[in-house]
Amino acid sequence: MNNSAILVALQGKVNQEALMAIQSKLDKIPEDKLASLAFLDLKNPAISQVLAITLGGAAVDRFYRGQIGWGLLKLFTFGGMGIWAIIDMFLTAKGTRKDNFNKINSILSSY
């Protein structure tokens with residue numbers, strides 16, 4: 001697996017600025033260590049956006065992103081009385097991309 005294949009796979013799952021930062025870090029990693037990136041559980045920002053719009057009041061978007069505590073809080077407050085659910089409709093895709101970058105960065109920083 002080479003660097004360009006990894007970057008193509010990550011496109012859309014992280015911001016463009018983050019993609020450039022990842023590219024500079026990928027050049028420093030040995031080829032045999034790149035396979036660990038293929039097994040990361042990266043979430044699709046489009047799916048989280050759709051979940052926030054359709055099922056945001058039930059906190060399904062937060063559970064999808066792996067934020068169980070925030071999901072339970074959002075669920076028990078009925079989406080923050082609807083306000084939290086509306087805000088998440090606009091911010092969940094950006095948050096998902098940020099979560100994905102943090103996962104990738106934690107792997108890359110260990111090398």
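As a basis for the values below, the full set of heavy atoms in this structure was taken, side chains included, without hydrogen atoms, waters or symmetry mates.
K43 pairs by the side-chain hydrogen bond (donor to acceptor under 3.5 Å, both in side chains) definition with D41, not counting sequence neighbours. Every residue two or more places apart in sequence or in another chain was checked for a salt bridge (charged side-chain N to carboxylate O under 4.0 Å, His left out) with R97, and none qualifies. Looking at residues two or more places apart in sequence or on another chain, you find a side chain to side chain contact (heavy atoms under 4.5 Å, CB included) between V60 and L51, L55, A58. Every residue two or more places apart in sequence or in another chain that forms a side chain to side chain contact (heavy atoms under 4.5 Å, CB included) with Q67 is listed here: R62, R65, W70, D99. S4 pairs by the side-chain hydrogen bond (donor to acceptor under 3.5 Å, both in side chains) definition with N2, not counting sequence neighbours. The side chain to side chain contact (heavy atoms under 4.5 Å, CB included) test applied to A85 returns K74, not counting sequence neighbours.
G71 and A59 make their closest contact through O-CB, 3.2 Å (heavy atoms, listed as atom of the first residue, atom of the second, distance). Closest heavy-atom contact between A52 and T92: CB-CG2, 3.5 Å. Residue S48 comes nearest to A93 through the heavy atom pair OG-CA, 4.1 Å, listed as atom of the first residue, atom of the second, then distance. The heavy-atom pair separating F63 from L72 by the smallest distance is CZ-N, 3.7 Å.
Atom CD1 in I104 sits 9.5 Å away from atom CD1 in I107 (nearest 0.5 Å). The CG atom of D61 sits 11.0 Å away from atom CG of L91, with the distance rounded to the nearest 0.5 Å.
Under a 3.5 Å cut-off, the side chain of N15 and the backbone N or O of E17 do not form any donor-acceptor pair. In terms of modelled atom types and a separation under 3.5 Å, the side chain of N100 and the main chain of K13 share a donor-acceptor contact.
No continuous path of ILVMFWY side-chain contacts below 4.5 Å connects M89 to V50, so the two sit in separate hydrophobic clusters. There is no path of hydrophobic side-chain contacts, each under 4.5 Å, that joins W84 to L75. Note on L40: it clusters hydrophobically with I29, by side-chain heavy-atom contacts below 4.5 Å among ILVMFWY residues. Y64 and L42 are not part of a single hydrophobic cluster, where members link through side-chain heavy atoms under 4.5 Å apart.
For the pair K25 and N105, the minimum side-chain heavy-atom distance is below 4.5 Å. Using a 4.5 Å cut-off on side-chain heavy atoms (C-beta onward), F101 and I22 make contact.
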